[in-house]
Amino acid sequence: MNGEWPLWEVFVRSRRGLSHTHAGSLHAPDAEMALRNARDLYTRRSEGVSIWVVPSGAITASSPDEKDPFFEPAADKPYRHPTFYEVPEGVQNL
């Protein structure tokens, strides 16, 4: 590992929302220290209620350069969209 600590990605859930959002990255020797450092660095003003730290090497992401071919298969399935279905008469709530 040539003396460098691994990189961790930090996700914080704020008081306002239910989903975690990417807050940034940091280097730490292990998950516990990454969590403590993330708390100190990204929630100094009590803006978070939950923190996730994930090793950067554990994240697999699609490439923005390949977005058209990667997402193309979903475009040919119109039944995935609610506009494909007709609401039966008399149904008040779906």
Side-chain angles (χ1 to χ4, degrees):
M1 196 162 77
N2 64 4
E4 189 174 310
W5 288 348
L7 184 65
W8 298 81
E9 299 302 324
V10 179
F11 299 85
V12 176
R13 186 177 80 180
S14 69
R15 295 185 193 280
R16 298 178 307 275
L18 295 178
S19 59
H20 286 75
T21 57
H22 186 254
S25 307
L26 56 81
H27 289 276
D30 56 40
E32 185 177 334
M33 184 61 79
L35 194 58
R36 289 175 186 266
N37 289 348
R39 177 199 61 205
D40 294 344
L41 187 60
Y42 294 107
T43 63
R44 286 180 278 192
R45 296 179 195 97
S46 301
E47 60 266 31
V49 295
S50 175
I51 300 173
W52 291 348
V53 292
V54 181
S56 290
I59 296 176
T60 304
S62 63
S63 169
D65 297 335
E66 298 173 358
K67 106 178 146 101
D68 290 336
F70 184 76
F71 290 103
E72 187 176 301
D76 65 350
K77 297 179 176 79
Y79 55 84
R80 292 183 175 181
H81 304 285
T83 56
F84 183 81
Y85 301 99
E86 291 184 27
V87 178
E89 209 173 299
V91 173
Q92 295 176 3
N93 298 315
L94 280 180

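The structure presented is a predicted model; accordingly, all values stated were derived computationally and were not measured.
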Trainee: Hey, what do you get for CD1 (Ile51) to OG1 (Thr43), rounding to the nearest 0.5 Å?
Mentor: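 Rounded to the nearest 0.5 Å, the CD1-OG1 separation comes to 4.0 Å.
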Trainee: Report, one line per pair, each donor and acceptor closer than 3.5 Å where one atom sits in a side chain of residues 54-64; sequence neighbours left out.
Mentor:
unit_1, atom_1, unit_2, atom_2, d
Ser56, OG, Leu7, O, 3.4
Ser56, OG, Glu9, OE2, 2.6
Ser63, OG, Asp65, N, 3.2

Trainee: Which atom pair, heavy atoms only, marks the closest approach of Ala23 to Val12?
Mentor: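 Between these two residues, the closest heavy atoms are CB-CG2, 3.8 Å.
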Trainee: For His22, which residues count as a ring-ring contact (aromatic ring centres under 6.0 Å, His included) partner, sequence neighbours excluded?
Mentor: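 By the ring-ring contact (aromatic ring centres under 6.0 Å, His included) rule, His22 matches Phe11.
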Trainee: What are the two closest non-hydrogen atoms of Ser50 and His20, and how far apart are they?
Mentor: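 Closest heavy-atom pair between Ser50 and His20: OG-NE2, 2.9 Å.
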Trainee: If hydrophobic clusters are built from ILVMFWY residues whose side chains come within less than 4.5 Å, do Trp8 and Leu35 share one?
Mentor: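 Shared cluster, yes.
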Trainee: Between atom CZ of Arg36 and atom CG of Leu26, what is the distance when rounded to the nearest 0.5 Å?
Mentor: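 Taking CZ in Arg36 and CG in Leu26, the distance rounds to 14.0 Å.
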Trainee: Could you tell me whether a side-chain N or O of Tyr42 sits under 3.5 Å from a main-chain N or O of Asn37, the two making a donor and an acceptor?
Mentor: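 It does not hold such a pair.
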Trainee: Kindly give the heavy-atom pair with the smallest separation between Val10 and Ala38, and that separation in Å.
Mentor: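 Nearest pair, atom of Val10 first, then Ala38: CG1-CB, 3.7 Å.
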Trainee: Treat each ILVMFWY residue as a node, draw an edge where side-chain heavy atoms are under 4.5 Å apart, and state whether Val49 and Trp52 are in one component.
Mentor: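 No, Val49 does not connect to Trp52 through the hydrophobic network.
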